[in-house]
Colleague: 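Mind looking over this structure? Questions follow.
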Amino acid sequence: MKKIICLALTAAVSLILIQSCSKSGAGDNNNNTGSSFDRKAMLTNISTNIIIPAYTSYQAAAVSLDAAVVTFNTTPTLANLTALQNAFTATYKQWQSTSVYDFGPAADVNLRVNTNTYPVDVNQINANVSLGTYNPQLLSNLAAKGLPALDYLLFNLGGDNAAVLALFTTDSKAANRKTYLAALSAELKTNATTVLNAWSGSYKTTFLNATGTDASSSTGYLVNQLVYDYEVLKNFEVGIPAGSQSMGVTYPTKVQAYYSKISLQLTLLHLQAIQNLYLGANGSGFDDYLVAANAKYNGGSLNDAIKAQFTTAAAKLQTLTDPLSANITNNPTAVMAAYTELQKLTVLLKTDMTSSLGIAITFGDNDGD
Amino acid sequence: MPDTLTARINTLIKAPVHIAPLAVLRIAFGSIMLVSTLRFILKGWIYAFYLKPPFHFTFYGFDWMKVPPGNTLYVLFGLLVITAIMVTVGLFYRAAIITFFVCFTYVELLDKTTYLNHYYFISVMAFLMIWVPAHRYFSVDVWRKPKLAVTSIPGWTINIFKLQLVLVYFFAGLSKLNYDWLIAAMPLKIWLPANSNMPVIGGLLTQVWVAYIFSWFGAIFDLFIGFLLLSNRYRRWAYVLVLIFHLSTGLFFKIGMFPYIMILVTLIFFSEKTHIRIINFLKLLLPRANSTIPNKAYHLPVFKTQFIYGILILHFIIQLIMPFRFLMYPGKLYWTEEGYRFSWRVMLMEKGGTIFFHVKDPASGTKTEVINSQYLNTFQENQMATQPDMILQYAHFLAAEYQKKGIKNPIVTTDSYVTLNGSGSRLYIDSTVNLATQQEGFGHKKWIRPFSTTSK
């Protein structure tokens, strides 16, 4: 027996010598002194100070929007249209701080796709108006509902509010259009209220107690949704309209909020919201988590790299102006330059952040690779 | 010395031993396979991993393996369930274990996204079980045909499993003898703190010294446990270590059924007395279990024995060579993963990547980024992003897709970044190389950028 063990030892030692002993970056400069990071404190901060306030504001905005629709439908005047448009813009802006949390109660009602699937299907919307019936459950109505559908119904590309008003007053389908409008804002309000109630109720406890790092833990949800929602921003708000996925052919009409022309404003708010989640606002967030884990990037700290790239990406976006669709038509190169900077942040968030924290991104078993 | 060694080997192969350990192995393996298969089905993985994605990463040389149409795969998994039960109870054993082996291996070959060492291990175990008379004792087959019953079998029928297990552990241990694992305590330094929410020990898991203890204990355990299990003197304690090691890894890491499979199959190391006791205990649970059977030895015609010897020798030669094939490739193994699979390398790296594919029309010069989620599920995309052979396969698939769309000789390039054991992401694949024209093969892939500790 001893002989076999000796033999094994010799073989092992000789193999250490053969095996590549080269190290993977983090080795020597990693004077890690224990990443005793309190995930529960982070979850508490993020849910109390970011998520619940975001849903509270969004629900309030959706309630006001629905009220503005009711007022407008009862008294369709130019003044009420402007008020409704303002309520819409406020809701769309607040949605940017809300879309990233598409797990738990939001996932239960498919909040993100039900609220903000674009580009809208104009034919489907017009068909719904003509028919006078609208079934929110139909898959074909996904691109004919939510904020993008309101965007189409409430705004005229030329900015002519009188023309919009006519569609709700003198047009032969005016009554149908009003019914549709009311159904859309009511659905937004209902969904927002359902999700807010769940968060104010029992879900917060569920959220705070799932302190692991697997794919169904709260940290796992936050990381996966942060990465996913960021991809939505990069691809749908910027890349696809700018032609990144279509052999350079641009699709300016595919931007978010094409008709109200607030696309860039929304994207900047969206980016800020994702950054805010990353930072945990002023409290414990993923920045602190990465610092505690001593995560490195290119010789420096990963947190610094991520924060710097958030700044760079935002700065590139700020060189553009609304309407974004016009920018895409006139200066696609500048839009693509912003896209490139956004892309760099994808790598840092999706690969570096996730890997440094050992967060599971899929549900399958693994071997550890 | 050579004489005694030959004699010793001869004993290990031919000396008659009691069949009980083999019957227990059959029951243990069959039942854990039943649980494992049911778990896979209930998790909805047949659909998620095989039916839903339109594209699959086949193994080199197995491109002809396609996910069967319609419900065939469900039927196949049904067969796996039935044959696992048949193996457990020992009913039409040979047919059952062969069917199990073929179906299981077939499913594994469909997509290397799901490759796990433990699935490979199951294929290997099922393969070995084809050649042994595990149904000749305490089985339905014996109850059906009492003539089949035997009590003693030649040593090789049991020792091949011990040898296989020793190899698995030992190679797993060898692969841990490297800088990252021993000196940097990576990837455990990342993985253990991720479990800091665990009750009682959670706080400890964030301590760096704990990561070192786990790393070193893991390496030493893997290297020596096989040998300790062989020794009569240390076996009990070794098995306690097996329990502690596998249960704790099962608790900390998302490794599915692997710990339980190992805990059950390592029972084979115990003496025949222990196994007879296990069988007697199982008999208590069965009212109609057959009473004592007369002593009878298993007999196999010489030509059959020699045929099986030939197969087993070939098998173990392959087993010995496979883990070393990485030596033929330049560069850092964890980075290139050339010669990585089928070598019992488990839990060694925290590797993550992001990859963007670009397809360019050489005629017009226009370029497009590919939405990977159009063709791949997240699992596939994540696995692909860090494995060059999968990247190449997907690039070829994209070239064909865009060819169909009317682009002649599309140029497929990538922008890919990978981080390995906390190194920070850096460029992985040479982004100037047109992967559409690169061939798959066993040679080194020159378009993998070398791993360097300084470059970005």
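Just so it is clear: chains get the letters A, B, ... in the order the sequence lines come, proteins before strands, and each one is counted from 1. This is a predicted model, so every value here is computed, not measured.
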Colleague: Would you please classify the geometry between the B:Y340 ring and the B:Y334 ring as parallel, tilted or perpendicular, with 30° and 60° separating the classes?
Modeller: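 Perpendicular, since the angle between the ring planes exceeds 60°.
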Colleague: If I measure from the heavy atoms of chain B, does A:Y228 come under 4.5 Å with its side chain, its backbone, both, or neither?
Modeller: neither
Colleague: Out of B:F258, B:F356, B:W335, return the one with the most heavy atom pairs under 4.5 angstrom to chain A.
Modeller: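 When all of B:F258, B:F356, B:W335 are compared, B:F356 has the most.
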Colleague: Does NZ or CZ of B:R345 come closer than 6.0 Å to the centre of the six-membered ring of B:F326, within 45° of the ring's axis?
Modeller: yes
Colleague: What part of A:Q343 gets within 4.5 angstrom of chain B, counting heavy atoms only: side chain, backbone, both, or neither?
Modeller: both
Colleague: Are A:F207 and A:Y221 near enough that their ring centres are under 6.0 Å apart?
Modeller: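 Ring centroids of A:F207 and A:Y221 are no less than 6.0 Å from each other.
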Colleague: Taking the six-membered ring for Trp, is the centroid-to-centroid distance between B:W45 and B:Y50 below 6.0 Å?
Modeller: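 So the answer is no for these two rings.
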Colleague: Determine, stepwise, if the pair A:D352 / B:S425 fulfils side chain to side chain donor-acceptor pair (under 3.5 Å).
Modeller: CA-CA 6 Å; A:D352 289 275; B:S425 64; 2.5 Å; yes
Colleague: Could you check which of A:V347, A:I359, A:D214 has the highest count of heavy-atom pairs closer than 4.5 Å to chain B?
Modeller: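 The option with the most such pairs is A:V347.
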Colleague: Classify the ring geometry between B:F49 and B:F40 as parallel (under 30°), tilted (30 to 60°) or perpendicular (over 60°).
Modeller: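 Ring orientation of B:F49 relative to B:F40: perpendicular.
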Colleague: Side chains of B:K189 and B:N421 only: does a donor on one sit below 3.5 Å from an acceptor on the other?
Modeller: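 No.
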Colleague: Taking side chain as everything from C-beta outward and backbone as N, CA, C, O, which of these in B:F171 sits under 4.5 Å from a heavy atom of chain A? Side chain, backbone, both or neither.
Modeller: neither
Colleague: Could you tell me which portion of B:E381 (side chain, backbone, both or neither) has an atom closer than 4.5 angstrom to a non-hydrogen atom of chain A?
Modeller: side chain
Colleague: Heavy-atom cut-off 4.5 Å, strictly under: side chain, backbone, both or neither for B:I407 against chain A?
Modeller: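 Looking at B:I407, just its side chain touches chain A.
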Colleague: Looking at B:I190, B:L205, B:T114, which has the largest count of heavy-atom pairs under 4.5 Å with chain A?
Modeller: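 Highest number of heavy-atom pairs under 4.5 Å: B:I190.
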Colleague: Using ring centroids (six-membered ring only for Trp), state whether B:F224 and B:F170 fall under 6.0 Å.
Modeller: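 For B:F170 and B:F224, the ring centres are not under 6.0 Å apart.
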Colleague: Give, as side chain, backbone, both or neither, the part of B:V210 having an atom under 4.5 angstrom from any heavy atom of chain A.
Modeller: neither
Colleague: Who among A:G358, A:G239, A:S244 has the most heavy-atom pairs with chain B under 4.5 Å?
Modeller: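 Top option by heavy-atom pairs under 4.5 Å: A:S244.
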Colleague: Below 4.5 Å from any heavy atom of chain B, which atoms of A:L302 appear? Answer side chain, backbone, both or neither.
Modeller: neither
